[in-house]
Amino acid sequence: MKLLYFAWLKTRIGMAEETATPPATVKTAGDLLDWLASRGPGYAAALTDRRVVRVAVNQEYVGFDHPLRPDDEVALFPPVTGG
Amino acid sequence: MIRVQKEDFDPGAEIAGLTAGRRDVGGIASFVGLVRERAGDTLIRAMTLEHYPGMTERKLAEIDAEANRRWPLQGTLVIHRHGRLLPGERIVLVATASAHRAAALEACQFLIDWLKTKAPFWKHEETAEGGHWVEARAGDDEAERRWTGRQR
């Protein structure tokens with residue numbers, strides 16, 4: 001699974017992207033956030049407040065209940081501030 | 001049409017190009033967003049716009065298609081820059097052409113309101129104290145909600 005991080009999530013996690021193989025218990029986007037938050041203090045700091053974390057799977061916005069597949073591109077980022 | 005680019009753009013040339021050779025356009029509405037030097041009491045030295053290559057273009061194309069679905073438009077143009085910009089520099093251009101002004105003006109506001117809440121861009125501001133990521137404003141969500149459920 002390809003994971004992408006943007007804006008302050010990237011800063012706190014300490015990288016822009018990585019390839020990860022979550023355990024079989026990770027079935028949804030919300031499960032993925034729980035698993036990532038357990039991987040270290042940077043991840044935990046980035047994912048503390050889920051209200052300001054947006055998830056896109058294969059470049060489409062999804063909810064935390066969205067099911068994940070091993071070959072998905074999953075992006076995590078804060079609410080957008082363009083324009 | 002939508003474009004995401006690092007380079008600056010010439011609003012006059014872009015707007016002229018939108019209707020070049022056409023005789024059916026009655027009016028063009030446009031919005032140009034600039035980097036403001038002040039955010040409250042804070043002086044901004046520079047602003048860096050990060051984006052999500054691929055998804056950004058996809059969302060802008062969706063927003064553009066939605067504007068064309070809601071209003072009778074003869075041309076639309078959205079240009080959004082990324083990278084490091086200085087105060088006074090242009091960030092975004094939205095231009096809409098229609099036979100009549102109401103459609104052009106409404107569609108232009110719709111495009112910039114929707115873009116602000118849906119297109120994956122993030123602003124990072126540099127100040128004397130360092131740098132920080134700009135937080136999303138509740139007012140942007142409210143501006144976007146004005147258009148939700150409002151079909152034409």
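Numbered from 1 within each chain, the chains take letters A, B, ... in sequence-line order.
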A.B. asks: Between V53(A) and L3(A), is there shared hydrophobic-cluster membership here, with clusters defined by ILVMFWY side-chain heavy atoms closer than 4.5 Å?
C.D. replies: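 Yes; L3(A) is reachable from V53(A) via cluster members.
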A.B. asks: Does F77(A) reach the side chain of M55(B), with side-chain heavy atoms less than 4.5 Å apart?
C.D. replies: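 Yes - at least one pair of side-chain heavy atoms lies under 4.5 Å apart.
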A.B. asks: Quick check - list every chain A-chain B donor-acceptor pair under 3.5 angstrom, one line each.
C.D. replies:
| residue | atom | partner | partner atom | Å |
| --- | --- | --- | --- | --- |
| A7(A) | N | E50(B) | OE2 | 2.7 |
| K10(A) | NZ | E50(B) | OE1 | 2.3 |
| T11(A) | OG1 | W133(B) | NE1 | 3.3 |
| Q59(A) | OE1 | M55(B) | N | 3.3 |
| E60(A) | OE2 | R58(B) | NH1 | 3.3 |
| Y61(A) | OH | K118(B) | O | 2.6 |
| E73(A) | OE2 | Y52(B) | OH | 2.5 |
| P78(A) | O | W122(B) | NE1 | 2.9 |
| T81(A) | N | F121(B) | O | 2.8 |
| T81(A) | O | K123(B) | NZ | 3.4 |
| T81(A) | OG1 | K123(B) | N | 2.9 |
| G82(A) | N | F121(B) | O | 3.4 |
| G83(A) | N | H80(B) | NE2 | 2.9 |
| G83(A) | O | K123(B) | NZ | 2.8 |

A.B. asks: Would L115(B) end up clustered with L111(B) when hydrophobic side chains under 4.5 Å apart are linked, directly or stepwise?
C.D. replies: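 They do share one cluster, since a chain of ILVMFWY contacts under 4.5 Å joins L115(B) to L111(B).
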A.B. asks: Applying a strict under-4.5 Å side-chain criterion to I, L, V, M, F, W and Y, I'd like to know whether V26(A) and L47(A) cluster together.
C.D. replies: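 Cluster IDs for V26(A) and L47(A) match.
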A.B. asks: Chain B contacts: which residues in residues 33-42 of chain A have a non-hydrogen atom closer than 4.5 Å to it?
C.D. replies: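 Interface residues of residues 33-42 of chain A: none, nothing closer than 4.5 Å to chain B.
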A.B. asks: Are L9(A) and V134(B) co-members of a hydrophobic cluster defined by side-chain heavy atoms under 4.5 Å apart?
C.D. replies: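 Per the 4.5 Å side-chain linkage, V134(B) and L9(A) are not co-clustered.
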A.B. asks: Could you check which of A75(A), A56(A), P78(A) has the highest count of heavy-atom pairs closer than 4.5 Å to chain B?
C.D. replies: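 Max contact count across the listed options: P78(A).
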A.B. asks: Can you get from L85(B) to V4(B) by hopping between Ile, Leu, Val, Met, Phe, Trp and Tyr side chains that sit under 4.5 Å apart?
C.D. replies: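 In one cluster: yes.
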